[in-house]
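Each chain gets a letter, A, B and so on, in the order the sequences are listed, and its residues count up from 1. Being a predicted model, the structure only gives us computed values, none of them experimental. What you see below is based on every heavy atom in this structure, not just the backbone, and it leaves out hydrogens, waters and symmetry mates.
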Number of protein chains: 2
Amino acid sequence: MTGKGASRARRGRPRQAEVARLAGVSQTTVSLVLGGNKQGITLHEDTRRRVLAAARELGYVPDPAARRLAAARNNLLGVFSFTATFPTAVEHSYYPFLVGVEQEAAARGYDLVLFTGSSSGSQAAAPGALERVRLADGCLFLGRHLPADGLRRLVEHGYPAVHVGRHEELAGLAWVGVDYVAASFEVVRHLEGLGHRRVVLVREDDEAPASTDRERGFRSGLAGPGAGDAVVRTADPASDITPGWLRARLAEGVTAFVAEETDTGAAWRALLAAVDGAGLSAPDDLSLALLGSPPADLAARPEPAGFDIPRAALGAAAIRMLTALLAGETADEPLVACAFRPGTTAGPPPAAP
Amino acid sequence: MTGKGASRARRGRPRQAEVARLAGVSQTTVSLVLGGNKQGITLHEDTRRRVLAAARELGYVPDPAARRLAAARNNLLGVFSFTATFPTAVEHSYYPFLVGVEQEAAARGYDLVLFTGSSSGSQAAAPGALERVRLADGCLFLGRHLPADGLRRLVEHGYPAVHVGRHEELAGLAWVGVDYVAASFEVVRHLEGLGHRRVVLVREDDEAPASTDRERGFRSGLAGPGAGDAVVRTADPASDITPGWLRARLAEGVTAFVAEETDTGAAWRALLAAVDGAGLSAPDDLSLALLGSPPADLAARPEPAGFDIPRAALGAAAIRMLTALLAGETADEPLVACAFRPGTTAGPPPAAP
DNA sequence: TTGTATGCGTTATCAG
DNA sequence: CTGATAACGCATACAA
């Protein structure tokens, strides 16, 4: 005998068998009633009610592991983050996203499971950590540096996975992302509409899709050709974007500057400091725009022209994509649009002297 | 026949049995080797290597659902909020809490399930919503107005539940809370140490434990008796705490004012406005303290004397309490201490004229 | 030291 | 319409 009641850790958790006993039916019947009777078997309305009552009485809730093991569904959706499930540094961006995820999941009758990638803050996720998500019917994946091999295994085995953020490398991996191209394009058009003819983009020196997409939108928004020097890549905005640099660009005829939003907000910060250091101010002497939202510490003043990333909408879109996958449907549009923000830092270029 | 290979969606995933066949051993041995051999059974180093090699060869990864089913526990901890799982209004306080919850849970090998009490803002939770938490091994409950009857059912059934916030009414319900009494006491002592002899507490007019605890600590920190009029309860601080009111108190010899932190920060806001409206300033003309943290919109200037609520620590403590319950251990200290914050709004009382 | 037999809770099949 | 019964993949007393 294998410890009938001895080593039972799942104390108190009522099972279908107990519901069956209380209702005076078989466990199969309970499964049938509670499972929505997919087989279309006709059941006595009376039996149905007795089972339902017994289940409520006992507080029965199906065991997700058993449900899943039996090749059925859980109504559980996972969220897996490669850093920590709750990054502390970026809460202003992460929290709204989760709000969207949560609401959309709830609206569709799913509960959310948060899988923690790296428990002790160490970057590398534990070997088997990724596989835990299989407990859920499907899972969202967040983070820049994903363990491609682990994820590949999952998608190759047909596990429903959606990456948050554009991701073309891993073929077959579904994703949702922000339409940085269109949003950045719109910002540039706005500046040109104001009369600006030469605009410079300051971006950090990495190859994240979020960065390259912004640059692409920026470039396609520029009117003329010869925009080769319109983009400045710098790994250290604070020391490269100086008042002197700013003056030099102005002397060349540049009238507007666009910064990319990054985790740290370094580019925008540097731009503001340079303008300040040069004794200039926007939008009188030049125009400024930010491709995203400003860092929290300089959120209010001045409100940058640019766009807001609809993080909650992104979360909702991710869930929609995932549930579409689960339903075997073809996924809809993976890109969510940004809201243009006029702000107070952009205006017509100063009249030429 | 029960669909041996027909409707099998789980293609390709190697199981222990296949690893066993390849290694020329039994499935049990595979489980033993791969499971870390908790039983301390001695295995041939040779066998071990063969199994490991076979597992790697096949790319074997354990199925989390099966693992949890066999272990009779699913390693899931729930978080249930009676407002919304992700309250948008109080994210500054909710997020850090979740950070603590997440880290502590991860450190103990648990994943988190987020339950939505009232998803679409409607106050009343759906009838069965509470019962769903049984899906997790245990659950945290947040929120002021909990459906006592539903919760009672759960705890009476022996379901491991921990309420976040002091809660004595429902006997048998474990809880963790912030030690507002000690923290408030410390603030008052600090003020008295600075020389203040008459101090007034402004609090809102409700009976939340968080409020009454603060008042208790405040009162016990006061030196003399006759502190009856030292506490002002108001349902509408904005219209009660006026410059005139302030002047009257000062005339009575009061030199320091303490506000309670609330969701809206109304008391602190009103106090600041009154001081401003009276043309006074802290800490020169009077001293101010806040029993908690200021609302986000006036976070920085001035930094109030008072204390910071260690929300992450609270979350961690809640998880520790819950896992202690799960282990059948006796729970440890339910109160987490606050960090005193000197701030810039309290100083010695002005010299008597 | 390794293999056999069982059970975990659910779903699904098939015979009463 | 209902009740046995067999998987699902893994872990574990117990036998060999």
Mind calculating the distance between [atom1] ([X]) and [atom2] ([N]) to the nearest angstrom?
X: A/Asp63; N: D/dG9; atom1: CG; atom2: C1'; answer: 14 Å
X: A/Arg68; N: D/dG9; atom1: CZ; atom2: C1'; answer: 13 Å
X: B/Arg73; N: C/dG7; atom1: CZ; atom2: C1'; answer: 18 Å
X: A/Asn74; N: C/dG9; atom1: CG; atom2: P; answer: 16 Å
X: A/Leu34; N: C/dA12; atom1: CG; atom2: C1'; answer: 16 Å
X: A/Tyr60; N: C/dG9; atom1: OH; atom2: P; answer: 10 Å
X: A/Gln27; N: D/dT2; atom1: CD; atom2: P; answer: 14 Å
X: A/Arg132; N: D/dC10; atom1: CZ; atom2: C1'; answer: 18 Å

Practice item. Using only side-chain N and O atoms of B/Ser31, determine if any of them is under 4.0 Å from OP1 or OP2 of D/dC10. Key: no
Exercise for review: Please determine if a side-chain N or O atom of B/Gln16 lies less than 4.0 Å away from the OP1 or OP2 oxygen of D/dA11.
Suggested key: yes
Exercise for review: Identify, with sequence neighbours excluded, every residue that meets side-chain contact (heavy atoms from CB on, under 4.5 Å) alongside A/Ala313.
Suggested key: A/Pro310
**Study point:** Set of residues satisfying side-chain contact (heavy atoms from CB on, under 4.5 Å) with respect to A/Val61, sequence neighbours excluded
**Key:** B/Arg134, B/Leu135
Check your understanding: Which is true for B/Thr29 with a 4.0 Å heavy-atom rule: it touches a base, it touches only sugar-phosphate, or it touches nothing?
Key -> sugar-phosphate
Check your understanding: What nucleic acid atoms does A/Val25 come within less than 4.0 Å of, heavy atoms only: base, sugar-phosphate, or nothing?
Key -> sugar-phosphate
Check your understanding: Do you know which two heavy atoms are closest between B/Leu76 and B/Tyr110, and how far apart they sit?
Key -> N-CD2, 3.9 Å
Check your understanding: Going by heavy atoms closer than 4.0 Å, what residues in residues 46-56 of chain B are next to DNA chain D?
Key -> none
Counting side-chain heavy atoms from CB outward, which of [options] is closest to [X]?
X: A/Thr28; options: D/dG3, D/dC10, C/dG3; answer: D/dG3
X: B/Arg67; options: C/dT10, D/dA13, D/dC10; answer: D/dC10
X: A/Leu32; options: D/dC8, C/dT10, D/dT2; answer: D/dT2

Check your understanding: Taking only residues two or more places apart in sequence, or in another chain, which ones meet B/Arg166 in a salt bridge (charged side-chain N to carboxylate O under 4.0 Å, His left out)?
Key -> B/Glu168, B/Asp213
Show every donor-acceptor pair shorter than 3.5 Å between a side-chain atom in residues 23-31 of chain A and any protein atom, with sequence neighbours excluded, or say none if there are none.
from: A/Ser26; atom 1: OG; to: A/Thr28; atom 2: N; distance (Å): 3.3
from: A/Ser26; atom 1: OG; to: A/Thr29; atom 2: N; distance (Å): 3.2
from: A/Ser26; atom 1: OG; to: A/Thr29; atom 2: OG1; distance (Å): 3.1
from: A/Gln27; atom 1: NE2; to: A/Gln16; atom 2: OE1; distance (Å): 2.6

Practice item. Sequence neighbours left out, what passes ring pair (Phe, Tyr, Trp, His ring centres under 6.0 Å) with B/Phe141? Give chain and number order. Key: B/Phe80
Exercise for review: Would you indicate whether the side-chain heavy atoms of A/Leu77 and A/Thr323 approach each other to under 4.5 Å?
Suggested key: yes
